[in-house]
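The structure appears below as structure tokens.
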Amino acid sequence: SNQPVNAMSAASYTELASVFFELGARKDIRCIVFKTEGKGFIGGNDVNEIAGHTRMNHAAYQEIVGKGVSAIQDCPVPVIAVVQGYAIGVGMIMALASDLVVASDKAWFNLPEISLGIVAGTSFVKTALPEKLVKYLCLTGEHLTAKEMQEYGAINFVCPKEELMR
């Protein structure tokens, strides 16, 4: 993790994909609980790392991001995301790529890329949320609470933070 917000770097995506591929191949693993430490689940991409990207190296970076997300989504064993706080940008996408999502009643989700002048991840998020809502989230940077995500069917369970791992 890239503290203090659990931001994802290219190295983080590569490591994450490797872990999911390895765990998914093991015969003794029946389920993966995808949980992070800290105030939030994943705080998006490491903006310091992507700040100097050109179109060419950003495309390569997006390919690495896609492999990380696909490793979760395509894992042969069920993946349960446990979201204790914020899930920003790719954090929201990774939670939605999981088979089940359990979130704290204090958790929130958003796609703030508009503040960086980009819109990303919409095609994937549209598989879990209505298209008009995804456009609204992308164009405003607004967030949804865990309860709102559950009402849209994108989250399976919402509970108090202290009950997340029960």
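Judged by distance alone, with hydrogens and angles left aside, the side-chain atoms of Asn110 form no donor-acceptor pair with the main-chain N or O of Ile88 at under 3.5 Å. Looking only at distances, a side-chain donor or acceptor of Gln84 sits under 3.5 Å from a matching main-chain atom of Thr36. One N or O on the side chain of Glu49 and one on the backbone of Ala10 form a donor-acceptor pair closer than 3.5 Å. Checked by atom type and distance alone, the side chain of Asn156 pairs as donor or acceptor with a backbone atom of Val101 at under 3.5 Å.
In this structure, the separation between OG on Ser18 and NZ on Lys67 is 12.5 Å, given to the nearest 0.5 Å. Atom-to-atom distance recorded for Met8:CE and Glu15:CD is 8.5 Å, nearest 0.5 angstrom. Separating the CZ atom in Phe20 from the OG atom in Ser70 is a distance of 12.0 Å, to the nearest 0.5 Å. How far OG of Ser9 is from CD1 of Ile50: 11.5 Å, rounded to the nearest 0.5 Å. How far OH of Tyr152 is from CG of Leu144: 6.5 Å, rounded to the nearest 0.5 Å.
Between Ala7 and Ser12 the shortest heavy-atom distance is O-OG, 4.3 Å. Across all non-hydrogen atoms, the minimal contact from Val83 to Leu164 is O-CD1, 4.0 Å. Taking each heavy atom of Ala17 and Gly68 in turn, the nearest pair found is CB-CA, 4.2 Å. Across Glu37 and Asn6, no two heavy atoms sit closer than the pair O-ND2, 2.7 Å. Across Phe109 and Ala95, no two heavy atoms sit closer than the pair CE2-CB, 4.3 Å. The minimum heavy-atom distance linking Ser98 with Met94 is given by the pair OG-O, 3.2 Å.
Both Ile72 and Val90 are members of a single hydrophobic cluster when ILVMFWY side chains are connected at heavy-atom separations under 4.5 Å. If you chain together hydrophobic residues whose side chains sit under 4.5 Å apart, Leu133 and Phe124 fall into the same group. Hydrophobic cluster membership is shared by Leu16 and Ile64, with clusters built from Ile, Leu, Val, Met, Phe, Trp and Tyr side chains linked at under 4.5 angstrom. Clustering ILVMFWY residues whenever any of their side-chain heavy atoms sit less than 4.5 angstrom apart, transitively, puts Ile42 in the very cluster that holds Val125. In the hydrophobic clustering of this structure, Ile80 groups with Phe157; members are Ile, Leu, Val, Met, Phe, Trp, Tyr whose side-chain heavy atoms approach within less than 4.5 Å, directly or through other members.
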**Request:** Before giving the answer on side-chain contact (heavy atoms from CB on, under 4.5 Å), spell out for Leu137 and Leu129 the whole-Å C-alpha distance, their side-chain angles and the decisive distance to 0.1 Å.
**Result:** CA-CA 10 Å; Leu137 294 173; Leu129 293 171; 4.2 Å; yes
**Message:** Test side-chain contact (heavy atoms from CB on, under 4.5 Å) on Val65 and Ile93; report intermediate values, then the result.
**Reply:** CA-CA 10 Å; Val65 172; Ile93 292 167; over 6 Å; no
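Listed by chain and number, the residues in a ring pair (Phe, Tyr, Trp, His ring centres under 6.0 Å) with Phe41 are Phe34 (sequence neighbours excluded). Qualifying side-chain hydrogen bond (donor to acceptor under 3.5 Å, both in side chains) partners for Asn48, counting only residues two or more places apart in sequence or in other chains: none.
Contact check for Lys39 versus Tyr86: side-chain heavy atoms found under the 4.5 Å cut-off. For the pair Arg26 and Leu23, the minimum side-chain heavy-atom distance is below 4.5 Å. Residues Val77 and Cys31 form no side-chain contact, since every pair of their non-hydrogen atoms from C-beta on lies 4.5 Å or further apart.
Shown here is Glu63, whose CD atom has no more than 12 heavy atoms of other residues, nucleotides or ligands within 6.0 Å.
We find that Lys147 and Glu151 are not joined by a salt bridge, their nearest charged nitrogen and carboxylate oxygen being 4.0 Å or further apart.
Under the side-chain contact (heavy atoms from CB on, under 4.5 Å) rule, Ser104 has a single partner from Glu163, Glu162, Lys161, which is Lys161.
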